[in-house]
Undergrad: 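Have a look at the structure that comes next, please.
What you see is a predicted model; the values in this text were computed from it and never measured. The chain is numbered in sequence order, starting from 1.
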Amino acid sequence: KMDYGFLNSFIGREVDQPFWGTRTQHIIGVAGCLAITDHTSQALFQKVFKKELCFAKSPAAFVAHTFLFIFSGVTLYCAGDAALNPNHKEED
């Protein structure tokens, strides 16, 4: 069974960890980071090239944007998890 943290209480399951280390953390964290990096990448493209990012108009730029925002979003999620997740042991 997947551990959905605090959402487990809504589906009748026991809550072990409310957020950190759960599927809910992963869903919210990854989706949020990808949304931020996607919108940032599109805004930068539009500001620099003065046109909307569109696969039909500029496929190479769109493919580059896709790889860049996914890589950046996942990196941001991993960095945030590493820095903020209290379940990670600190080295003494």
Side-chain angles (χ1 to χ4, degrees):
K1 291 183 184 179
M2 293 269 188
D3 181 9
Y4 290 97
F6 71 92
L7 294 176
N8 279 352
S9 61
F10 296 110
I11 56 176
R13 293 184 187 168
E14 180 182 335
V15 175
D16 180 35
Q17 295 286 325
F19 183 73
W20 293 105
T22 67
R23 188 77 177 137
T24 302
Q25 176 210 348
H26 183 260
I27 292 167
I28 292 171
V30 172
C33 290
L34 289 177
I36 290 167
T37 56
D38 180 25
H39 289 283
T40 302
S41 177
Q42 287 186 41
L44 288 172
F45 181 89
Q46 194 165 18
K47 187 174 184 172
V48 170
F49 295 108
K50 309 291 187 225
K51 61 181 180 178
E52 187 177 351
L53 184 61
C54 173
F55 183 77
K57 295 178 183 175
S58 50
F62 188 85
V63 170
H65 149 78
T66 302
F67 283 112
L68 179 65
F69 98 79
I70 291 172
F71 176 79
S72 300
V74 172
T75 302
L76 182 62
Y77 169 77
C78 291
D81 180 68
L84 302 173
N85 190 335
N87 293 333
H88 295 304
K89 281 181 132 178
E90 288 189 28
E91 297 293 325
D92 291 329

Undergrad: May I ask whether L53 and F67 are part of the same hydrophobic cluster, defined by side-chain heavy atoms of I, L, V, M, F, W, Y residues being less than 4.5 angstrom apart, directly or through others?
TA: yes
Undergrad: Roughly how far, to the nearest 0.5 Å, is OG1 of T37 from CG of L68?
TA: 8.0 Å
Undergrad: Under a single-linkage definition using a 4.5 Å side-chain heavy-atom cutoff for Ile, Leu, Val, Met, Phe, Trp and Tyr, are V63 and F45 assigned to the same hydrophobic cluster?
TA: yes
Undergrad: Do we see a donor-acceptor contact under 3.5 Å between the side chains of D81 and H26?
TA: no
Undergrad: Can you name the nearest heavy-atom pair linking V74 to L34, along with the distance?
TA: N-CD2, 4.3 Å
Undergrad: At their closest point, which heavy atom of C33 faces which heavy atom of G73, and how far apart are they?
TA: CB-O, 3.3 Å
Undergrad: With rounding to the nearest 0.5 Å, note down the distance linking CZ in R23 to CG in D3.
TA: 11.0 Å
Undergrad: Establish whether F71 and L44 are linked, either directly or via other cluster members, by ILVMFWY side-chain heavy-atom contacts under 4.5 Å.
TA: no
Undergrad: Taking atom CD of E52 and atom CZ of F62, what is their separation to the nearest 0.5 Å?
TA: 10.5 Å
Undergrad: Is the centre of the F69 ring less than 6.0 Å from the centre of the H39 ring?
TA: no
Undergrad: Check N87 against Q17 and note the closest heavy-atom contact, atom names and distance.
TA: OD1-OE1, 3.8 Å
Undergrad: Determine whether Y77 and I70 fall in the same hydrophobic cluster, where Ile, Leu, Val, Met, Phe, Trp and Tyr are linked whenever their side-chain heavy atoms lie under 4.5 Å apart.
TA: yes
Undergrad: Output the rest of the hydrophobic cluster of I11: all Ile, Leu, Val, Met, Phe, Trp and Tyr residues reachable through side-chain heavy-atom contacts under 4.5 Å, sorted by chain and number.
TA: M2, Y4, F6, L7, F10, F19, W20, I27, I28, L84
Undergrad: Which heavy atom in S41 sits nearest to a heavy atom in H65, and how many Å separate them?
TA: OG-ND1, 2.7 Å
